[in-house]
Student: 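The structure under discussion is supplied below as structure tokens; questions concerning it will follow.
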There are 2 protein chains.
Amino acid sequence: MSSGRVSIRSVAKAAGVAIGTVSKSLNGDPEISEATRARVQQLARELGYHPMAQARGLARGRTGNVAVAVRSVFQPIFTSAFYSEVLAGVEAELERHDLNLLLTSLKRGDDLLHLASERRADGILYIGYDVEAAFLRELSASTPLVVIDGEAEGLSSVVSQNVEGSRVATRHLLSKGRRRLVFAAMTLAQPNFRARHVGFEEVLREAGLGSGPVVEGRSFADLYGALHALFASYRPDGVVCANDAVGYSVVQVLETLGVRVPEDVSVVGYDGTTGAEHRKTRLTTVAVDKQELGAAGVRVLLRQIQNPEAPPQQVVVPTQLEPGDTS
Amino acid sequence: MSSGRVSIRSVAKAAGVAIGTVSKSLNGDPEISEATRARVQQLARELGYHPMAQARGLARGRTGNVAVAVRSVFQPIFTSAFYSEVLAGVEAELERHDLNLLLTSLKRGDDLLHLASERRADGILYIGYDVEAAFLRELSASTPLVVIDGEAEGLSSVVSQNVEGSRVATRHLLSKGRRRLVFAAMTLAQPNFRARHVGFEEVLREAGLGSGPVVEGRSFADLYGALHALFASYRPDGVVCANDAVGYSVVQVLETLGVRVPEDVSVVGYDGTTGAEHRKTRLTTVAVDKQELGAAGVRVLLRQIQNPEAPPQQVVVPTQLEPGDTS
DNA sequence: CTGAAAGCGCTAACAA
DNA sequence: TTGTTAGCGCTTTCAG
């Protein structure tokens, strides 16, 4: 219980050395004798000294934090199971590098500019597919920046293997003998979903099955309407979904329509959302390593920070088919 | 496009004044003439000057960020829809006060101590029910701290109206003519859930119905087993759930058991989890204003920061019954 | 009303 | 090997 805050000066006084010596000792400067280093470190520990991050940062020219920026399009990122896990991955990797996570949800357009110009972070992790490429490119000229789960020319990014993952999902249904396949999504306006649709179409074409119908719908009700109509005319036997949320909706819709899953129709999702233990049915899905998506983003950013001149770098994280109860 | 970083000095030079004057002008010091203030502000804007957060913080003795600490017990907070929304509320309120959100998931026991001793944040928001009271009380002596969704003697906190909310839920089922009620939870080891159970029991007793059975289970399978057994012996006609996750599981279990909801059995959840639009059934629930939970936490913390001597303050956020399809 | 100067707590040259 | 000192970029007394 020392009175007031214990600063580097307290330690210096206690050790009978100059504050510079304390600094060097604590930072492992090789030019300090083993003896004093040990003594200073011991003393610092005893006094409970921890360098004040702000002061250290000011002197060293860095902040020790990384800003994670997310834009809320439909719903805030926070409520998305997918992005939440990405965030967890980011957090874990930052922690390993002794970096802090500054969370910002972008509201006004200049939020990011402020963050950057006030130098609150050493780099920016932009999470989301809705990339304003031109803006971010300009920003990335002055602040290291990596896009996670989105991409654009001239920007470092980390994405999942969208097209290939969807190919695997589609082939999986074909291997189950399904031939009348449908692609279901909340929307095709989202780049990742569109890429997954491309994979779906590619495989159908390769298999000589032509092009499959698409069902779009954001809610259970929308999907119900669309599938109801489609079933009347087309009688699909397999549904490839753009993500798990839609996948679970589709399963419920099919049950409501009196269609048995997977006996009559197979369903495959995308994402590998956790939390399935609370549900009756475990969706067959294309699992994305979301934590890895985040962690990889951090690693790319770190490289970018260390070498700001390095050219943008793209990383693709592999996916894996995860069989469940719906195929 | 000015070369290099634009600092306060650049502005001072451009305006032909001292840096102190720039600082005062920009911070609205009344002792500066309207004329120079305007000129400096104009110039600062033109040059794109933004004070560097770190330097400003060092001089002012604060950081401008608030640490949000979460402990991951069963699953990381990030993947919980409930906490994610709380986090969104925190974020929004912090933004209104020009504060940054430093997100930390507690792994090692001294993570928080580090954060505090390195003075990375002006205050701490601890989110979660698993409060290590003694530790946090000690910490709160040196750093303003507020617990959200948990509480303990001697700590500032914000919680939802657990007992009362559950009373309302239980009365709701009674008003629907239900008399054979069950309480379902993932576990009763969690304080919030226990409080909700208390509300449930109180109302039953008041209604002269004695005490109701309790069903515990973390997964669909567990709940299925427990409810299956219970239905054989007891034939409940209403289930009060400790939260929505359990509520949705219960609904699926009942459907699987061939019990109709709400015709045969009514189910009510707790939390008011968003994202129901992707589901067939909308659960009747006790809605907690999760954003408000977070925002209130920020406000209490701010008071604590401004007046560190103020005694701990407890805030209770009201709940509201939200009728759905399951009652 | 404005300028000068002393820090905020630390790091990193540069001396000694 | 250690001590001294000049900043890091800003705020804030205290003179002028």
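Quick note on labels: first sequence line is chain A, next is B, and so on, each numbered from 1.
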Student: In terms of side-chain heavy atoms of A/S7, which of C/dC8, D/dG3, C/dG9 is nearest?
Tutor: C/dG9
Student: Would you kindly give the CD-to-C1' distance between A/E34 and D/dT2, to the nearest whole Å?
Tutor: 15 Å
Student: Under a plain distance cut-off of 3.5 Å, with no hydrogens placed, do A/R120 and A/N65 share a side-chain donor-acceptor pair?
Tutor: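 Looking only at side-chain atoms, A/R120 and A/N65 do not form any donor-acceptor pair under 3.5 Å.
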Student: Would you indicate which nucleotide in C/dT2, C/dC10, D/dT4 comes nearest to any side-chain atom of B/T21?
Tutor: C/dT2
Student: Is a side-chain N or O of A/N307 found less than 3.5 angstrom from the main chain of A/E309, in a donor-acceptor match?
Tutor: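 Answer holds: yes.
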Student: Using a heavy-atom distance cut-off of less than 4.0 Å, which residues of residues 23-33 of chain A contact DNA chain D?
Tutor: A/K24, A/E31, A/I32, A/S33
Student: Is it true that A/R45 and A/Q42 share a donor-acceptor pair across their side chains at a distance under 3.5 Å?
Tutor: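 Short answer, yes.
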Student: Given atom CD of A/Q54 and atom P of D/dG7, what is their separation to the nearest angstrom?
Tutor: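 Interatomic distance, CD of A/Q54 to P of D/dG7: 22 Å.
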Student: May I have the distance from B/M52 (atom CE) to D/dT11 (atom P), rounded to whole angstrom?
Tutor: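 Atom CE in B/M52 sits about 12 Å away from atom P in D/dT11.
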Student: For B/R62 and C/dG9, give me the distance from atom CZ to atom P, rounded to whole Å.
Tutor: 15 Å
Student: Rounded off to whole Å, could you give me the NZ-to-P distance for the A/K13 and C/dC10 pair?
Tutor: 13 Å
Student: Could you state the CD-P distance from B/E118 to C/dT11, rounded to the nearest angstrom?
Tutor: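 From B/E118 CD to C/dT11 P: 11 Å.
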Student: Report the nucleotide, chosen from D/dG7, C/dT2, D/dG9, that has the shortest atom-to-atom distance to any side-chain atom of B/T36.
Tutor: C/dT2
Student: Taking for each residue the nucleotide of DNA chain C bearing the nearest heavy atom, is the 5' side occupied by B/R60 or by B/V17?
Tutor: B/V17
Student: Any side-chain heavy atom of A/Q54 within less than 4.5 Å of one from B/R119?
Tutor: no
Student: From CZ of B/R39 over to P of C/dC1, roughly how many Å is that when rounded to an integer?
Tutor: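 Those two atoms, CZ and P, are 15 Å apart.
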Student: Answer with yes or no whether the side chains of B/E91 and A/S105 bring together a donor and an acceptor at under 3.5 Å.
Tutor: yes
Student: Looking for any heavy atom pair under 4.0 Å, which part of the strands does A/G20 touch: base, sugar-phosphate only, or nothing?
Tutor: base
Student: Using a cut-off of 4.0 Å on non-hydrogen atoms, how would the nucleic acid contact of B/V22 be classed: base, sugar-phosphate, or nothing?
Tutor: nothing
Student: What is the distance from CD1 of A/I19 to C1' of C/dA13, rounded to the nearest Å?
Tutor: 14 Å
Student: Within this structure, what is the CG-CD distance for the pair B/D98 and B/E95, rounded to the nearest 0.5 Å?
Tutor: 7.5 Å
Student: Ignoring hydrogens and angles, state whether a donor on the side chain of B/D149 or B/N192 is under 3.5 Å from an acceptor on the partner side chain.
Tutor: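 Result is yes, a qualifying pair exists.
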Student: Between C/dC8, C/dT11, D/dT11, which nucleotide gets closest to the side-chain atoms of B/R56?
Tutor: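 Taking heavy atoms from C-beta onward, the closest nucleotide is D/dT11.
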Student: So which nucleotide from C/dT2, D/dG7, D/dG9 ends up closest to the side chain of B/R9?
Tutor: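 The closest nucleotide is D/dG9.
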